[in-house]
Amino acid sequence: MKIGLFGGTFDPIHWGHLRSAEEVREAFRLDRVLFIPAAIPPHRIARPAAAARHRLEMVRRAIAKNPGFGLSTVEMSRPGKSYSIDTLRHFTRRRSPKDTLYFILGLDAFREIGSWKDFRSIFPLCHLVVTSRAGCAEPMSLEGMPVAVRRWFCYDREKKVYRHESGTYLYFIRITDIGISASGIRRLLRGKKSIRYLVPLEVATYIKRRGLYQQRRGGQ
Ligand code: ATP
């Protein structure tokens with residue numbers, strides 16, 4: 001099986017996340033993309049605005065109708081900060097020899113990877129799929145990445161892809177620009193504005209029923 005792993009805070013999940021996962025699933029012919037909501041995102045100074053159980057439930061509802069999508073609670077069930085390396089080790093231990101893991105992340109997240117816990121250990125465990133992100137002007141390549149990251153990859157001219165010495169690949173993929181961000185959605189909600197057509201209806205309904213994101217909490 002080809003399995004995509006898509007981590008995030010999903011605070012809340014929106015069409016940008018969903019379309020990105022769908023385009024990667026199709027482009028790489030993945031059997032499944034697993035959404036993995038973080039319990040405690042290590043890189044955010046402020047804690048998530050919505051409780052973990054709400055973020056999880058919103059993801060569950062948003063992906064329910066897509067058989068190519070699944071939900072993993074591995075980060076939610078693990079105490080402490082949600083480090084990607086721990087998650088990838090978890091999936092590496094559990095996978096069958098026939099499984100291949102694709103770790104999906106946006107360009108904005110990828111350019112921070114050099115500051116992630118044990119980031120070098122991530123590279124041999126999975127292929128990396130870096131997606132474009134609206135508003136993120138950086139080139140879709142390793143240029144501009146810190147040497148600490150760049151040095152582990154070489155460019156395979158024949159395959160037109162970056163390769164790690166362990167044999168895993170680093171792909172850059174252009175996806176449809178959807179300029180939606182969770183922080184923008186939270187801002188709208190605090191201002192009592194509509195979020196219709198930015199998130200699936202199920203998510204908007206859930207947010208409304210629970211009265212989520214009405215006040216500034218944590219950071220944004
Ligand atoms: P925030 O605005 O709070 O920073 P976010 O919208 O970036 O949140 P995250 O949960 O932090 O959402 O993102 C999870 C992953 O989804 C990241 O890899 C991010 O790059 C990617 N992503 C988020 N929004 C989009 C989008 N509109 N298009 C493509 N990728 C996206």
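Ligands are counted one by one from 1 in listed order, and the atoms in each one are counted from 1 as well.
The closest heavy-atom contact to atom 6 (O) of ligand 1, among the options Ala182, Ala21, Gly184, comes from Ala182. Of the listed options Glu112, Arg19, Arg133, His43, Arg133 places a heavy atom closest to atom 5 (P) of ligand 1. Of the options His17, Arg186, Arg55, the smallest heavy-atom separation from atom 12 (O) of ligand 1 is shown by His17.
Close approach to Ala109 involves these atoms of ligand 1, each under 4.0 Å from a residue heavy atom: 18 (O). Listed by number with element, the atoms of ligand 1 under 4.0 Å from a non-hydrogen atom of Phe6 are 15 (C), 16 (O). Taking every non-hydrogen atom of Ile180 and a distance limit under 4.0 Å, the qualifying atoms of ligand 1 come out as 24 (N), 26 (C), 27 (N).
For ligand 1, one of its N or O atoms has an N or O atom of Phe10 under 3.5 Å away. At least one N or O atom of Ser183 sits closer than 3.5 Å to an N or O atom of ligand 1. Any N or O atom pair closer than 3.5 Å counts here, and Thr9 shares at least one such pair with ligand 1. Between Ile178 and ligand 1, at least one pair of N/O atoms sits closer than 3.5 Å. The shortest N/O to N/O separation between Gly179 and ligand 1 does not fall below 3.5 Å.
Exactly one of Phe103, Phe153, Trp152 qualifies for a ring-ring contact (aromatic ring centres under 6.0 Å, His included) with Phe123. That residue is Phe153. The ring-ring contact (aromatic ring centres under 6.0 Å, His included) with Phe110 is formed by just one residue from the set Tyr162, Trp116, Phe172; it is Phe172.
At least one heavy atom of Gly7 sits less than 4.0 Å from an atom of ligand 1. Contact analysis leaves Phe110 out of contact with ligand 1, as no non-hydrogen atom separation drops below 4.0 angstrom.
Relative orientation of the Tyr171 and His127 rings is perpendicular, given thresholds of 30° and 60° on the angle between their planes.
In this structure, His164 and Leu170 have side chains that are not in contact, with every pair of non-hydrogen atoms separated by 4.5 Å or more.
Between Glu23 and Arg19, at least one side-chain nitrogen of the basic residue sits less than 4.0 Å from a carboxylate oxygen of the acidic one, meeting the salt-bridge criterion. Looking at Arg94 and Asp99, no side-chain N of the basic residue comes within less than 4.0 Å of a carboxylate O on the acidic one, giving no salt bridge.
For the residue pair Arg111 and Cys136, the shortest heavy atom distance occurs at NH1-SG, 3.4 Å.
For the residue pair Thr87/Arg78, the side-chain donor-acceptor check at 3.5 Å is satisfied.
By the salt bridge (Lys or Arg N to Asp or Glu O under 4.0 Å) test, Lys65 pairs with Glu202, sequence neighbours left out.
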